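Reminder, nothing fancy here: chain letters follow the sequence lines and each chain counts from 1. Given the structure is predicted, the values throughout are model-derived calculations rather than measurements.
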Amino acid sequence: MLALENYLVLSAILFSIGTIGVLTRRNAIVIFMCVEMMLNAVNLTLVAFSRYLGNIDGQVFVFFIMTVAAAEAAVGLALMIAFYKNRESIDVEDINMMKL
Amino acid sequence: METIAMPAVNIASIMPECILSVVAMVLLLVNVFVPGKDKGYLGWLSIVGLAVTAASVVSGWGAPQMGFGGAVMQDNFAIFFKVIFLISAGLAILISDRYMVQEDCNQGELYPLILFSTVGMMLMASGTDLMVIFLGLEVLSVSLYVLAGWNRENIKSNEAGLKYFLLGAFSTGFLLYGMALTYGATGTTKLAGIQNHVMATPAIAANPIFVVGMLLIAVGFSFKIAAAPFHMWTPDVYEGAPTPMTAFMSAGPKAAGFAAFLRVMIFAFPMLGHNLTELLWILAVLTMTVGNIIALSQDNIKRMLAYSSIAHAGYALVGFTALNREGIAGILFYMLSYAFMNIGAFAVIVLVGKKGEKNGTVQDFAGLGYKKPVLAVLFSVFLFSLAGMPPTAGFIGKFYLFSAAIKSGYTGLAIIGVLNSAASVYYYLRVMVFMYMKDAQEDFEWAGVTAPIALCLLVTVVATLVMGVVPGTILELAQKAVQF
């Protein structure tokens with residue numbers, strides 16, 4: 001059995017990869033996938049802690065996060081389609097109608 | 001591993017949320033089964049639903065209800081915030097119909113979505129478990145992403161929705177990671193449990209997992225209340241979103257962010273008071289200054305009010321930094337008065353605006369004082385209040401927040417706040433200069449005022465003035481809402 005630290009380090013790495021992806025990628029869908037990765041890193045943290053503490057709250061929390069992520073995906077992809085219909089692109093460089 | 005024990009359910013603690021959710025779902029069905037293009041009646045039905053919910057909320061005043069094993073707590077603090085949310089939802093609904101008809105995006109789902117996001121806000125205010133706060137935040141946010149991108153044909157609205165969604169989801173990631181680490185460090189997601197744990201083991205303040213968790217939670221909430229340096233999404237989203245939804249977003253969700261932020265920080269992290277206030281001090285100064293300085297150079301009124309709303313979050317953070325009873329009561333009072341004055345200002349913008357979000361710059365308001373004197377006077381009242389001049393609600397609110405800061409020994413912070421407030425007068429008065437001292441460039445086309453907008457303007461202007469002249473009762477209620 002692996003120690004708690006291994007899981008925490010792995011989820012911290014996953015969270016960082018997701019964050020860097022959000023900041024550097026240009027395609028809105030890829031950015032959204034990076035956000036999902038951040039959420040799943042959180043899920044891993046919660047499950048690891050839940051197992052370590054012998055307390056089920058963390059696992060319940062994971063179910064809520066998964067449900068909410070699904071709802072968010074439905075809304076987010078719909079917004080991307082609406083944007084694509086008007087701009088024929090989902091590159092975030094094209095989200096530029098409003099500037100200082 | 002323990003078995004899952006069913007917690008004590010107390011429906012009374014979530015009664016208002018239940019009522020409003022049912023109303024929203026019924027309205028969704030009504031919208032489907034009643035034919036016709038006119039959806040204004042759904043707005044009135046929503047107002048009735050909000051009024052019933054408000055009655056249910058207010059009836060709980062003074063009698064705190066705890067439910068679901070301590071996950072939900074409807075105390076005076078939550079009730080005061082819930083009233084703010086219900087009022088801002090009602091006022092935003094009043095100005096929606098005219099705008100949506102004008103912009104040709106009058107789908108009836110608008111009203112249930114506003115109600116659902118209000119339910120989310122209410123859950124955030126009464127949540128005393130990190131899980132409930134997260135769920136409330138998401139119910140609020142997911143509805144708001146749709147509302148920001150409501151005008152599908154308008155590219156600016158598309159951009160607002162998409163930007164709000166991407167940055168909102170990103171910030172949720174930080175908030176959740178913070179919650180997960182806090183859970184790991186304390187072994188519970190209940191705020192009361194976290195508080196007990198922190199009290200029992202003071203050494204936890206040096207535990208990196210706990211400290212990082214707390215910081216990430218603070219970052220997540222700062223995104224939601226649009227505090228600098230996490231405010232980058234605000235101007236674009238506020239400018240692009242349909243005007244009534246901008247009004248709603250700037251009043252309700254911001255107050256909800258403060259409600260949850262206050263609860264988590266004050267209830268769960270009492271031991272970190274000192275470190276926390278230093279952080280909040282920096283956040284407050286940055287937020288006020290950034291918001292006001294950039295607002296100075298804005299020509300688009302919605303964008304200007306977006307930066308001004310960042311600055312107003314900064315003023316509220318001054319009260320948060322003070323962390324005393326007056327400061328918190330000041331935030332409650334300020335959020336209520338901000339809902340009135342800001343939505344009132346947006347109602348005027350809706351009236352002056354033309355199809356395709358035209359007529360939205362300061363220059364378009366030129367000569368309004370002579371063509372529509374009543375409208376110009378109303379707008380001036382709201383702008384005076386936003387600038388914090390007596391005898392309006394904005395003055396009393398700021399006075400209270402800054403005096404709370406002085407009472408806690410943050411004189412420097414109060415001075416920075418007053419200086420900021422003085423700087424903000426420039427861009428509010430600039431609009432008035434255009435209204436009263438410049439000639440209109442072209443003939444002003446007037447589409448006429450509708451009954452709901454007239455009602456909204458009446459309510460907001462009366463509330464702004466009454467809260468400015470006789471604030472006693474509401475301040476007293478705000479004080480009673482802070483019982484810790």
Side-chain angles (χ1 to χ4, degrees), chain A residues 4 8 11-12 15 18-19 22-23 28 31-32 34-39 41-62 64-65 67-69 71-76 78-87 90 92 94-100, chain B residues 1-4 129-132 134-135 137-139 141-143 145-146 148-149 151-170 172-181 183-190 193 209 235-237 239-240 294 297-298 300 303:
Chain A
L4 173 69
L8 293 187
S11 60
F15 191 85
T19 311
V22 171
L23 297 175
I31 290 179
F32 181 56
C34 292
V35 170
E36 291 289 310
M37 189 155 158
M38 290 164 68
L39 294 186
V42 172
N43 286 347
L44 184 60
T45 311
L46 281 169
V47 172
F49 273 131
S50 176
R51 182 81 180 152
Y52 173 75
L53 296 165
N55 168 321
I56 207 144
D57 285 358
Q59 294 179 38
V60 177
F61 207 156
V62 170
F64 282 124
I65 293 177
T67 318
V68 164
E72 236 178 24
V75 165
L79 285 168
M80 284 178 205
I81 290 173
F83 182 73
Y84 183 79
K85 274 187 178 163
N86 279 336
R87 282 302 290 265
I90 48 162
V92 287
D94 289 326
I95 308 185
N96 57 5
M97 288 293 286
M98 293 168 284
K99 279 279 149 73
L100 276 174
Chain B
M1 186 132 317
E2 70 192 89
T3 51
I4 303 178
D129 185 314
L130 295 177
M131 263 188 250
V132 177
F134 162 68
L135 276 181
L137 180 72
E138 284 304 303
V139 172
S141 300
V142 171
S143 318
Y145 301 150
V146 183
N151 193 349
R152 272 182 300 176
E153 311 299 321
N154 183 321
I155 186 123
K156 275 190 172 183
S157 182
N158 292 155
E159 284 192 6
L162 190 52
K163 208 167 220 174
Y164 195 21
F165 166 71
L166 287 175
L167 291 173
F170 186 50
T172 304
F174 284 99
L175 186 70
L176 275 178
Y177 201 39
M179 287 180 173
L181 293 178
Y183 164 70
T186 59
T188 172
T189 56
K190 296 218 166 52
I209 292 181
D236 288 351
V237 173
E239 185 188 341
I294 307 185
S297 62
Q298 299 303 321
N300 182 308
R303 207 173 172 84

Engineer: In Å, rounded to the nearest 0.5 Å, how long is the span from CD of E72(A) to OH of Y145(B)?
Structural biologist: 5.0 Å
Engineer: Sub-3.5 Å donor-acceptor pair from the side chain of Y183(B) to the main-chain atoms of L46(A), do we have one?
Structural biologist: no
Engineer: Of all heavy-atom pairs between R152(B) and A82(A), which one has the smallest distance, and what is that distance?
Structural biologist: CG-CB, 4.4 Å
Engineer: In the structure I gave you, are the side-chain heavy atoms of M131(B) and V60(A) within less than 4.5 Å of one another anywhere?
Structural biologist: yes
Engineer: Taking all atoms of both residues into account, what is the closest heavy-atom pair of A28(A) and L166(B), and its distance?
Structural biologist: O-CD2, 4.0 Å
Engineer: Side chain, backbone, both or neither: which part of F15(A) has a heavy atom under 4.5 Å from chain B?
Structural biologist: side chain
Engineer: In terms of the angle between their ring planes, are F134(B) and F61(A) parallel, tilted or perpendicular, with boundaries placed at 30° and 60°?
Structural biologist: tilted
Engineer: Where on L176(B) is there a heavy atom nearer than 4.5 Å to chain A: the side chain, the backbone, both, or neither?
Structural biologist: both
Engineer: What heavy-atom pair brings L79(A) and F165(B) nearest, and what distance separates the two atoms?
Structural biologist: CD1-CB, 3.8 Å
Engineer: Is chain B contacted by the side chain of A78(A), its backbone, both, or neither, given a heavy-atom distance below 4.5 Å?
Structural biologist: neither
Engineer: Top residue by heavy-atom pair count (under 4.5 Å) with chain A, among T189(B), V146(B), T188(B), L135(B)?
Structural biologist: L135(B)
Engineer: Can you tell me which portion of D129(B) sits under 4.5 Å from chain A's heavy atoms? Options are side chain, backbone, both or neither.
Structural biologist: neither
Engineer: For L23(A), is it the side chain, the backbone, both, or neither that has a heavy atom closer than 4.5 Å to a heavy atom of chain B?
Structural biologist: side chain
Engineer: Against chain B, label L4(A) side chain, backbone, both or neither, depending on which of its atoms sit under 4.5 Å from a heavy atom there.
Structural biologist: neither
Engineer: Between chain B and each of T45(A), V92(A), T67(A), count heavy-atom pairs under 4.5 Å; write down the option with the most.
Structural biologist: T45(A)
Engineer: Tell me, do I209(B) and F49(A) make a side-chain contact under 4.5 Å, heavy atoms counted?
Structural biologist: yes
Engineer: When only pairs under 4.5 Å are counted, which of N300(B), V142(B), T172(B) shares the most heavy-atom pairs with chain A?
Structural biologist: V142(B)
Engineer: Chain B: which of A69(A), G58(A), A71(A) shares the most heavy-atom pairs with it under 4.5 Å?
Structural biologist: G58(A)
Engineer: Sort L181(B) into side chain, backbone, both or neither according to what part of it lies under 4.5 angstrom from a heavy atom of chain A.
Structural biologist: both
Engineer: Would you mind telling me which of A169(B), G149(B), S297(B) has the largest number of heavy-atom pairs within less than 4.5 Å of chain A?
Structural biologist: A169(B)
Engineer: Only pairs of heavy atoms separated by less than 4.5 Å count here; which of I31(A), V68(A), L39(A) has the most with chain B?
Structural biologist: V68(A)
Engineer: To check you understand the geometry: which heavy-atom pair defines the closest contact between E153(B) and N86(A), and what is its length?
Structural biologist: O-ND2, 3.5 Å
